[in-house]
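First comes the structure, then the notes that go with it.
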Amino acid sequence: MGAGASISNARLRLRLPSISAGALMAPAVSVPAASSVSGAREMLAAHPGATLVITAPTGQPWAVADAGALAQVPAQLAAATPVDAAARPLAPGAYVPAAAAGSELVDYLAKLQGSEYAVIDRDGGVVGLLTQAAVLDAMNTKPAKRRTS
């Protein structure tokens, strides 16, 4: 490995401890898979800006509701349409604790399919959605240059 690659690796290693699921996630709320589109719309209206994660009957994160698809369901059909009709599934095991951080988090995510991961609290409740893009951005962001005067 050349000097340039060594320096790049050292910089990356210095940034890894600051990478955490809790810091990089977007807020999310959850609804059970048995919910309707109208229930999902109500949940999103009560939590503006949040992403909606759908949980399996086991309580584990299972899918992410597609806001555009939810909006396309006609009002008269929303109560009878299951929320999973307007969702994209998460990869198996695609959820992490909010406290997950550093190389352990990055190594775990690297083993998963997909690019979205539900973030859960200590009790297993969904609190956020982490994206592969957010993690990569954090890994590749250069720290601010120090000013010397």
Side-chain angles (χ1 to χ4, degrees), residues 5 7-145:
I7 291 169
S8 293
N9 282 336
R11 286 182 181 147
L12 178 60
R13 281 193 308 275
L14 289 173
R15 282 193 293 271
L16 276 178
S18 67
I19 295 171
S20 76
L24 297 176
M25 70 180 191
V29 292
S30 66
V31 296
S35 299
S36 66
V37 167
S38 62
R41 288 177 178 169
E42 289 170 11
M43 181 64 83
L44 287 173
H47 299 89
T51 299
L52 187 66
V53 175
I54 302 163
T55 56
T58 60
Q60 293 176 322
W62 172 73
V64 177
D66 182 312
L70 287 173
Q72 295 298 316
V73 176
Q76 66 273 21
L77 300 176
T81 304
V83 69
D84 61 359
R88 57 190 179 275
L90 290 168
Y95 54 94
V96 295
S103 61
E104 192 173 281
L105 171 64
V106 173
D107 290 345
Y108 178 73
L109 297 180
K111 295 175 186 173
L112 296 173
Q113 296 289 320
S115 60
E116 295 178 305
Y117 322 98
V119 179
I120 56 174
D121 62 16
R122 290 182 183 175
D123 299 322
V126 173
V127 294
L129 186 71
L130 179 64
T131 64
Q132 187 178 65
V135 174
L136 291 174
D137 285 347
M139 289 174 62
N140 294 319
T141 299
K142 292 183 180 181
K145 289 186 179 181

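Just so we're clear, the structure is a prediction, and the values are computed from it rather than from any experiment.
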Task: All side-chain hydrogen bond (donor to acceptor under 3.5 Å, both in side chains) counterparts of S38, not counting sequence neighbours - done: S36
Task: side chain to side chain donor-acceptor pair (under 3.5 Å) pairs, two or more places apart, involving residues 78-96 - done: Q60-Y95, R88-E116
Return all side-chain donor-acceptor pairs below 3.5 angstrom for residues 118-129, not counting sequence neighbours, or 'none' if the list is empty.
unit_1 : atom_1 : unit_2 : atom_2 : d
D121   : OD1    : D123   : N      : 3.0
D121   : OD1    : G124   : N      : 3.0
D121   : OD1    : G125   : N      : 2.7

Task: Minimum-distance pair of heavy atoms, taken over all atoms of A40 and V83 - done: CB-CG2, 3.5 Å
TODO: With rounding to the nearest 0.5 Å, note down the distance linking OG1 in T55 to CH2 in W62.
DONE: 10.0 Å
Open item on the list: Quick check for you: to the nearest 0.5 Å, what is the distance between L90 atom CG and I54 atom CD1?
Closed with: 9.0 Å
TODO: Applying side chain to side chain contact (heavy atoms under 4.5 Å, CB included), name anything that partners Q132, two or more places apart in sequence or on another chain.
DONE: S115, Y117, L136
Hey, can you pull the donor-acceptor pairs under 3.5 Å for the side chains in residues 68-76, sequence neighbours left out?
none

Task: side chain to side chain contact (heavy atoms under 4.5 Å, CB included) assessment of L77 paired with V37 - done: CA-CA 8 Å; L77 300 176; V37 167; over 6 Å; no
- [ ] Could you grab the distance from atom CG of L52 to atom CZ of R41, nearest 0.5 Å is fine?
- [x] 12.0 Å
Which donor-acceptor pairs under 3.5 Å do side chains of residues 21-33 form with protein atoms, sequence neighbours excluded?
none

